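Predicted model, so just to flag it, every value in this text is computed and none were measured.
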Amino acid sequence: MALLLALPLGRTLAEGGVNLGIWRDPYFLGRLVWTLGQALGTAAVAVAVGGPLAYLLSRWNVPGRAAFLRFLLLPFVTPTLVAVLGLTALLGPQGWITRLTKLDISDGPGLLLLGNLFFNLPVMIRLAHAGFARVPPNLIGAARSLGATGWKAAWTVALPVALPGLAAGFVLVFLYSALSFGLPLTLGGERYSTLEVEIYTLTAYQLRLPEASALIVGQLLLTGAATWAYVTLTRGGAGVTAGRALPPAPPLTRAIIWVLMGGVSLISFAPLLAVVARSVLTSGGLSFSAWQAVLGSADTWALVGNTLRFGVLALIGAVLLGGLHALAAWRARGPTSRVLDGLSLLPLMVSPVSLAVGYLLAYPALSATLPMLIGAYTLLGMPLVTRSLLPALRALPPRTLEAARTLGAGGWTVWRTVTFPLTLPALRGGAALALATVLGEFGATLVLTRPEWATLSTGLYDRLGRPGERNLTEACALATLLLLLAVLAFTLLDGGEGEVT
């Protein structure tokens, strides 16, 4: 943590501390206002749509409910550029919906906000659902028996109990939207660029590292406050109520749930289907020429090789460091445990681009070297492993471990035969999320990579910059390949067992 996070951040703070005058520039103040505005707007819409749906799904059973909640993980493991291509295929200047409705939203912030919802609405629903699942059913039943309607019971009983989960979801969606890079870079344009895009521009194109560092300082203050709020809201919130049989939904309620699920599915899954369809559909009809060109190119397999090589190396580091961090926080007691718990969230509050800039400042001799790139990848995946494994360790029944010790088992034997098997699903779930995230990583790669280290993400970005229908179709084929790779890696590691909320 000191080498991969503290030192680069400290170097960034030292570099940016003497250039804070950049915050008096009206242009960068405007970028700050827009960054906050689009993040707050996304979080508000996510709560307004995801909150009611999460409550209904926690109270009633409808056909497809379990599959819907499970598939909500799909956008989380989707690489950013895949979502960009899907949204463009649907709502871009030549998108299918644009041609049908004659309504072009590509000149405004609409595509960017929809992209934020694509990634973050599922996060909101899952966190809110976990919060509402903790509400004891007898409390709502008591309110109903006293004459409260269903919605009044939800508003006066369920909402106050689940409010920390909803608020935590709001903060997390705000953080993800504020730190987003690929979406505003490709969909926002110059008019709707965020602080993250400005940091990248100052670093990669203008070589103004002191100014970029000053922007990172301000961004860290913002994300630090949001992360503190998230930790405060989620403290003591572990331990979701065990699954219980839900009653079938009444006809009207079932219809409302299906309408909400359909709307969320359009936002969260339609862009993915559009990418796959666009890879085989051209103006001349159905064609597999793009796939033939992509799969028959040696460059494509070099991109796949680099993506897998970097991903596996980063996964090893993330599982090792994230697992050790979770074990340390679990075995520690009192304030030490809380400090270690909080430290595991620090990598989540630093954006990949800001992290890459910190590496360039702290380790100039390692610039454009493989250890630096793998170090950045490892740090991005590490908190996902820790946050998945630590709750599982804390949920271990103490009597089970004590029983193993009283039967003569030593510390290593207890770990091998009891602790590890019981926490393996959580470890696999965290490792799956870490690997899927690293495979599609885009921000840090653009800053730290070299041409011969191009991955599927950077290769896809390169094709997006080329004009012509053929390049767009091949980009969709590459995007589909990247999506399949991420989903396959997630499925093989997670195995349908781990559940991360």
Thr194 and Arg31: CA distance, side-chain angles, deciding distance, side-chain hydrogen bond (donor to acceptor under 3.5 Å, both in side chains) verdict: CA-CA 6 Å; Thr194 60; Arg31 296 304 92 209; over 6 Å; no

Under the side chain to side chain contact (heavy atoms under 4.5 Å, CB included) criterion, do Leu343 and Leu346 qualify, and how do the steps go? CA-CA 5 Å; Leu343 284 175; Leu346 286 181; 3.4 Å; yes

Which is it for Leu485 and Leu308 under the side chain to side chain contact (heavy atoms under 4.5 Å, CB included) test, yes or no, and what are the steps along the way? CA-CA 9 Å; Leu485 191 62; Leu308 290 175; 3.8 Å; yes

Determine whether Thr455 and Glu441 satisfy the following criterion, side chain to side chain contact (heavy atoms under 4.5 Å, CB included), listing intermediate values before the conclusion. CA-CA 9 Å; Thr455 62; Glu441 207 291 315; over 6 Å; no

Run the side chain to side chain contact (heavy atoms under 4.5 Å, CB included) check on Leu379 and Tyr359 step by step: do they pass? CA-CA 12 Å; Leu379 190 67; Tyr359 280 14; 4.1 Å; yes

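The two atoms that bring Gly317 and Thr378 nearest to each other are C-CG2, 3.5 Å, heavy atoms only.
By the ring-ring contact (aromatic ring centres under 6.0 Å, His included) test, Trp34 is found to be paired with Tyr192, residues two or more places apart in sequence or in another chain being considered. Ile97 is linked by a side chain to side chain contact (heavy atoms under 4.5 Å, CB included) to Leu90, Leu91, Thr101, counting only residues two or more places apart in sequence or in another chain. For Tyr461, the ring-ring contact (aromatic ring centres under 6.0 Å, His included) partners are Phe442, not counting sequence neighbours.
Under a cut-off of 6.0 angstrom, the local environment of CZ in Arg470 is sparse, with at most 12 non-hydrogen atoms contributed by other residues, nucleotides or ligands.
A heavy-atom distance below 4.5 Å is found between the side chains of Leu53 and Phe68. The shortest side-chain heavy-atom distance between Leu370 and Trp453 falls under the 4.5 Å cut-off.
A donor and an acceptor atom, one from each side chain of Thr42 and Asn120, are nowhere located under 3.5 Å apart. When only modelled atom types and interatomic distance are considered, Glu198 and Ser193 share a side-chain donor-acceptor pair under 3.5 Å.
The distance from the CG atom of Leu439 to the OH atom of Tyr377 is 9.0 Å, given to the nearest 0.5 Å.
Among Leu195, Leu40, Val197, the one residue that satisfies the side-chain contact (heavy atoms from CB on, under 4.5 Å) test with Thr35 is Leu195.
In this structure, Phe119 has its ring center no closer than 6.0 Å to that of Tyr176.
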